[in-house]
Amino acid sequence: MTTEDTSSNDIQRNMTKERRKEWRKNMSDRTFSLEDPPNADELNISSSSIRHDQSSLECRLEHIPFYSWIESNLSLLRMNLVRRGLNEQDINDKEQTIINHLKTCLQDLNESESKENNLLQARIRSILEECTHLNRLLKLDYSIEKIENDDLSLFEQLNRANDLLEKINQVLKKKLEEINQLVLVEEKLCNKLDEKMINLDTEVNDMPYADRQDILEKHINDLQNLQNERSSAIEQARNQIHEMKIELDLDNTYNQPVDDSQVLNLIDGPVHLIELSKTNVQRLLNISNELHNLYQANRMKAEHLVNTLHALYERLNLIDSDRHIKLPLDKPHRPANLILLEKEIDRCKELRRQNMRTYIENIRDEIFAQYEKCFYGREQMESFLPLYSNEFTEELLDEHEKELEEINAYYIHNEQLFVNLASWHEVWAEYREFQRQASDPERFKRRGYSAVQEEKQRKHLEFTLKKVQDTVLQLSKEYEQEFGHQFLVEGVAVQDFFNTEKENYSQEKEIEKARKQLARGQTPTSTHSQANIKRLEMSTKTPGRQQTNIGKETEIKPGTPFRPPNAVHKNIK
């Protein structure tokens, strides 16, 4: 080798050493010389405590031989290239190529391992998310935060996540078994009742299983209640149908089409085999209601026929031997009895035609009695002109029967009002009698007399009288609102009737006072004394419900309503 070559090699070595020094200088404080590596005590670190962070610049002890090998080989490469005669730029390019290739290999390897770690972390997160979801659905309190811990390796985290998921799945399995059992019960009830099941899978996917179980249990409870209700309704309907079969004298078809075997099975078939569907329940209820309506119609018809026959018997004055049916008749609504009643009524109508006068006169007695119950006045009674006719024809009979039917309906519709009016009359008569006795000076000499008791009775009568009067006024207002005209009592408005009764009573007291003054030879002091004296002297009776017998200490009783002379008859045998 020539001197020039030797000096060139020395220059190359020196440049390499300079680059090595520069590289060592750029290392961190914990770097060290590769030619003379320090031991672990000098570095104050242990290989087990060094972190696996790829971004760290620390040089691990176990990697020193590898770094030294790379450095030696790069030096050897440079020497070979210098010996070959390449210039510094080419040598640097080749070194850079090798370094880039090494970097690329390490980067590819790191990316591959990083991807593997990411996949593993994604799997762990997926499992933990599933655990979190099931935790919420099952309302569990299993801890998940302790699994995602940097102190644990990814494999350890994965194993713990799988263990937790398996533990939760065991709880889920038990819960699903409970829910499936409820679904089976629900399905059985729905099939029995022909109802729809609750589809929890499509409607409430995000609902906790406990809530799903509660919904199923509530639905099952509702279905059981519905089953009991429908069973009770079917049983009640069947019983009523069988009862109506007897009351209506029906055959085994129950007035239903003979070929409708399904309906007949619902009525007479085994109860446990009947589908408790809404349709079947409704069909039975419809049949039951239809037969019950027919039964009620027969009862109303029977009641009408019995009343008609009873009225015919009474108006015809038939004795028991002349009556073909003994009233009251047992179960008159039965079809066979209805036929008997209709035949007997036809027979009595023929007798009525033969005894028209007696029959119409008996009806008139009923009309006058009903007039009295309805508190009719004289003008109201006289407004029904056929009541005073002496031409006893079928037409006259029809008019009387129509009038009696109308007055009966009038009384029934306003019965509460008439009852209170009658009660007012009773209290009013009692009050007047009390006032008469309370004005007697001899009462103080009677044994057991008590002024306190007398005042107490007075207040009680006044309170009762006012209460009944207010009730009558209120009922009369309701009547006027319903029919649009006044309710009349003895031909006048209710308030006028009360005022007139009280005014008449006041005048009667003045007349009584004037009579006593005249009896003692005194001149009456009343402002209406002349009118009272004239009235006292006349002492004539006037038509009306109540008549006053002045001077007689007798109880005042309601009289008979005005009846024209030509309406009075004698029974013709």
Side-chain angles (χ1 to χ4, degrees), residues 181-200 202-204 213-308 328-342 409 412-413 415-416 482:
Q181 290 296 325
L182 293 175
V183 170
L184 292 177
V185 176
E186 179 197 24
E187 183 179 7
K188 183 178 179 181
L189 288 171
C190 287
N191 292 335
K192 180 71 174 176
L193 299 170
D194 192 24
E195 295 289 333
K196 292 183 178 180
M197 298 178 61
I198 296 178
N199 193 350
L200 295 176
T202 58
E203 296 180 0
V204 287
Q213 187 172 0
D214 292 341
I215 290 176
L216 282 173
E217 289 176 349
K218 183 178 182 302
H219 190 220
I220 290 172
N221 185 57
D222 292 341
L223 291 174
Q224 289 174 342
N225 293 335
L226 183 61
Q227 181 182 21
N228 295 333
E229 291 176 4
R230 291 185 179 178
S231 297
S232 177
I234 285 181
E235 182 180 2
Q236 183 178 358
R238 282 162 58 104
N239 292 337
Q240 186 169 355
I241 291 172
H242 291 147
E243 182 181 352
M244 293 299 101
K245 177 184 178 182
I246 298 173
E247 297 295 334
L248 298 173
D249 293 337
L250 302 177
D251 55 18
N252 292 330
T253 61
Y254 301 94
N255 280 356
Q256 302 301 312
V258 181
D259 56 348
D260 196 348
S261 59
Q262 184 178 2
V263 173
L264 298 180
N265 288 334
L266 289 176
I267 298 174
D268 293 325
V271 177
H272 65 278
L273 297 180
I274 297 178
E275 183 187 77
L276 302 178
S277 63
K278 186 177 181 180
T279 303
N280 287 342
V281 174
Q282 191 60 46
R283 293 184 72 177
L284 279 176
L285 290 177
N286 289 340
I287 296 173
S288 175
N289 292 334
E290 177 184 345
L291 296 180
H292 184 70
N293 291 337
L294 180 58
Y295 168 74
Q296 292 295 336
N298 283 358
R299 283 180 60 90
M300 293 178 62
K301 182 178 179 181
E303 183 180 359
H304 174 71
L305 292 177
V306 169
N307 291 337
T308 301
L329 183 65
D330 184 35
K331 298 185 182 301
H333 58 274
R334 297 284 179 86
N337 289 334
L338 290 175
I339 295 174
L340 291 177
L341 287 170
E342 289 174 344
I412 292 173
H413 188 275
E415 185 174 6
Q416 191 64 30
E482 180 179 358

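Throughout, residue positions are numbered sequentially from 1 according to the sequence presented. Below, all heavy atoms of this structure are taken into account, side chains as well, without hydrogens, waters or symmetry copies.
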Task: Which atom of Asp251 lies closest to which atom of Lys245, heavy atoms considered - done: O-CE, 3.7 Å
TODO: Check each of Asn225, Ile198, Ile215, Val185 against Ile220 using the side-chain contact (heavy atoms from CB on, under 4.5 Å) test, and report the only one that passes.
DONE: Val185
TODO: Check for a donor-acceptor pair, side chain of Lys196 on one end and backbone N or O of Cys190 on the other, with a separation under 3.5 Å.
DONE: no
Task: Heavy-atom closest pair, residues Leu223 and Leu193 - done: O-CD1, 3.4 Å
Open item on the list: If you define the side chain from C-beta out and look only at heavy atoms, does anything of Asn286 sit under 4.5 Å from Gln282?
Closed with: yes
Task: Ser231 side-chain N/O to Gln227 backbone N/O, donor-acceptor pair under 3.5 Å - done: yes
- [ ] State the CG-CZ distance between Leu285 and Arg283, to the nearest 0.5 angstrom.
- [x] 12.5 Å
- [ ] Can you measure from CG (Asn280) to CG (Leu266) and round to the nearest 0.5 angstrom?
- [x] 4.5 Å
Task: Closest contact, heavy atoms only, His292 versus Met244 - done: CA-SD, 4.0 Å
- [ ] State, yes or no, whether a side-chain contact exists between Glu195 and Leu189 at a heavy-atom distance under 4.5 Å.
- [x] no
Task: Heavy-atom pair with the smallest gap, counting every atom of Asn252 and Leu264 - done: O-CD2, 3.8 Å
Task: Check: Glu247 and Lys331 side chains under 4.5 Å, non-hydrogen atoms - done: yes
Task: Leu248 and Tyr254, any side-chain heavy atoms less than 4.5 Å apart - done: no
- [ ] I would like to know whether Leu250 and Leu291 meet side chain to side chain contact (heavy atoms under 4.5 Å, CB included); could you show each step before the answer?
- [x] CA-CA 10 Å; Leu250 302 177; Leu291 296 180; 3.7 Å; yes
TODO: Could you tell me whether Met300 atom CE has more than 12 heavy atoms of other residues or ligands within 6.0 Å of it?
DONE: no
Task: CG on Leu284 to CG on Asn289, rounded to 0.5 Å - done: 10.5 Å
- [ ] Would you give the length of the straight line joining atom CD of Glu229 to atom CD of Gln236, rounded to the nearest 0.5 angstrom?
- [x] 12.0 Å
- [ ] State, with a plain yes or no, whether a side-chain heavy atom of Arg238 is found less than 4.5 Å away from one of Glu235.
- [x] no
Open item on the list: When you compare the side chain of Pro332 with that of Leu341, does any pair of heavy atoms fall below 4.5 Å?
Closed with: yes
Task: Sub-4.5 Å side-chain heavy-atom contact between Asp268 and His242 - done: yes
Task: Approximate separation, where rounding is to 0.5 Å, of Leu184 CG and Leu216 CG - done: 10.5 Å
Task: Closest heavy-atom pair and its distance - Gln213, Leu182 - done: CG-CD1, 3.5 Å
Open item on the list: Among residues at least two apart in sequence or on other chains, which ones pass side chain to side chain contact (heavy atoms under 4.5 Å, CB included) with Pro328?
Closed with: none
Open item on the list: Which residue is it: Ile241, Ile267, Asn293, Asn239? I am looking for the one with a side-chain contact (heavy atoms from CB on, under 4.5 Å) to Ser288.
Closed with: Ile241
Task: side-chain hydrogen bond (donor to acceptor under 3.5 Å, both in side chains) partner of Asp222, chosen from His219, Gln224, Lys218 - done: Lys218
Open item on the list: Nearest 0.5 Å, please: how far is CZ in Arg230 from OG in Ser277?
Closed with: 7.0 Å
Less than 3.5 Å apart, which donor and acceptor atoms pair up between the side chains of residues 301-308 and the rest of the protein, not counting sequence neighbours?
unit_1: Lys301; atom_1: NZ; unit_2: Glu342; atom_2: OE2; d: 2.9
unit_1: Asn307; atom_1: ND2; unit_2: Glu303; atom_2: O; d: 3.1
unit_1: Thr308; atom_1: OG1; unit_2: His304; atom_2: O; d: 2.7

